[in-house]
Amino acid sequence: MWSNFFVQQDEDGRIGVAGAGQGGGLVGMKGGRGQRRTHKMSDSLEGKIKLAFFVSIIGVTLTVLGMGTEFWVELAQPKNFSGNQTCQMAHYGLWKGCIRTLWVADIDPERTSCGPAELPGESNCTYFKFFTSGENAVIFKKTTNKSLNLAAAVLALMSLTMMVMGSICIAMSLSKGVPFFLKPASFCFILSGVLVLLSILIFHQSVLALLSSDHSVPLHHELSWSVACVGSAGAILIFGGLLFVILSLPFSPWQKCLPHKNSAT
């Protein structure tokens with residue numbers, strides 16, 4: 001029973017245990033390590049990941065473009081409200097607001113309100129003080145709700161953070177050649193898209209709160225092109241995240257469905 005092991009005492013008095021099976025154990029350990037293979041992704045899977053990442057990058061680009069502008073909403077007075085040759089309108093976003101003075105003669109005769117903002121005129125733009133002194137902004141005697149505006153801006157920043165984290169996960173997956181990082185990347189991109197859409201909803205509520213704060217000046221409001229840009233970005237990010245979920249599955253959903261179709265035919 002103990003024929004494979006013996007105790008040997010060296011000259012210094014130290015006791016060592018050796019065995020004939022030790023070499024076999026080392027060989028077995030080396031063999032076990034050799035069997036641990038990292039599952040490298042195929043060229044086909046890598047191409048699909050790059051395509052899905054390109055879709056997500058489109059969403060990221062649209063989000064950054066929309067969040068950096070001040071054309072989320074346009075507030076327009078009636079074009080004959082002042083009774084002179086000019087009228088005023090305002091447009092703002094998450095960080096900055098602008099008051100524009102336009103010529104009534106440049107406005108479409110069929111349009112009753114001042115605008116649109118693309119017409120030539122004088123513009124006065126200022127950054128909101130929600131993030132510095134905490135003051136509300138006053139636009140045409142109407143006061144903003146800084147809590148809603150801050151919530152919309154914070155959600156937008158959180159969505160950008162999740163986009164960066166998702167992009168890092170995809171970059172690591174492509175550089176290491178392993179699909180392990182696809183699942184956290186899909187979570188980051190889906191969550192970023194949801195946060196973007198929530199930011200739009202809360203921003204719209206802040207606009208409604210602004211309009212209801214005072215009724216002395218009639219205003220016509222409409223969401224501008226930046227909201228359409230950011231909303232499309234949110235949908236694209238969610239779609240890109242779902243693509244990463246499909247690619248992270250251990251099996252192909254198409255191969256699961258196509259055999260059933262072939263057998264049915």
Side-chain angles (χ1 to χ4, degrees), residues 37-73 93-95 131 148-207 223-261:
R37 298 177 181 176
T38 57
H39 298 282
K40 297 292 184 179
M41 65 177 66
S42 61
D43 294 337
S44 175
L45 179 58
E46 184 177 354
K48 294 176 182 178
I49 292 175
K50 290 181 179 180
L51 181 60
F53 189 44
F54 176 74
V55 173
S56 301
I57 287 298
I58 294 176
V60 174
T61 304
L62 291 176
T63 303
V64 174
L65 178 64
M67 288 184 181
T69 60
E70 60 274 6
F71 291 93
W72 282 53
V73 66
L94 296 176
W95 328 105
F131 312 98
L148 293 175
N149 289 88
L150 282 174
V154 169
L155 288 175
L157 293 176
M158 290 176 61
S159 68
L160 289 177
T161 304
M162 299 306 297
M163 294 175 205
V164 173
M165 293 177 62
S167 301
I168 293 175
C169 290
I170 296 300
M172 293 179 64
S173 178
L174 293 175
S175 62
K176 300 295 183 180
V178 291
F180 171 76
F181 296 99
L182 293 181
K183 291 182 179 180
S186 63
F187 172 78
C188 291
F189 282 116
I190 292 176
L191 182 59
S192 65
V194 173
L195 291 175
V196 166
L197 297 180
L198 287 177
S199 177
I200 294 176
L201 292 177
I202 295 180
F203 179 82
H204 185 243
Q205 293 299 318
S206 70
V207 174
L223 298 178
S224 190
W225 61 269
S226 294
V227 171
C229 183
V230 175
S232 302
I236 292 174
L237 289 169
I238 294 176
F239 177 70
L242 293 177
L243 290 179
F244 289 126
V245 171
I246 295 175
L247 294 175
S248 65
L249 296 177
F251 58 89
S252 176
W254 310 114
Q255 294 179 358
K256 291 288 184 179
C257 298
L258 289 178
H260 294 286
K261 293 182 179 180

Going by heavy atoms in the side chains, are [X] and [Y] under 4.5 Å from each other?
X    : Y    : answer
F181 : S248 : no
V245 : F187 : no
V230 : W72  : yes
V73  : F203 : yes
L174 : I170 : yes
L191 : M158 : no

Find the distance between [atom1] ([X]) and [atom2] ([Y]) and round it off to the nearest 0.5 Å.
X    : Y    : atom1 : atom2 : value
S173 : E46  : OG    : CD    : 8.5 Å
T69  : W225 : OG1   : CH2   : 4.0 Å
L65  : C229 : CG    : SG    : 4.5 Å
L45  : L247 : CG    : CG    : 6.0 Å
F189 : I236 : CZ    : CD1   : 12.5 Å
L51  : L243 : CG    : CG    : 7.5 Å

Provide the closest heavy-atom pair for [X] versus [Y] in the form atom of the first, atom of the second, distance.
X    : Y    : value
M162 : S192 : CB-CB, 3.8 Å
L94  : A153 : CD2-N, 4.3 Å
A156 : S159 : O-OG, 2.5 Å
I57  : S167 : CD1-OG, 4.4 Å
G59  : A233 : O-CB, 3.3 Å
I238 : G193 : CG1-CA, 3.9 Å

Name of the residue among L155, L197, L150 meeting side chain to side chain contact (heavy atoms under 4.5 Å, CB included) with I202: L155
Using modelled atom types only, decide if a donor and an acceptor are shared between the side chain of S224 and the backbone of F71 within a distance under 3.5 Å.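 Yes, the answer is positive, given that a donor and an acceptor are paired below the 3.5 Å cut-off.
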Judged by atom type as modelled, is there a donor-acceptor pair below 3.5 Å linking the side chain of S56 to the main-chain atoms of L237?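 It does not hold such a pair.
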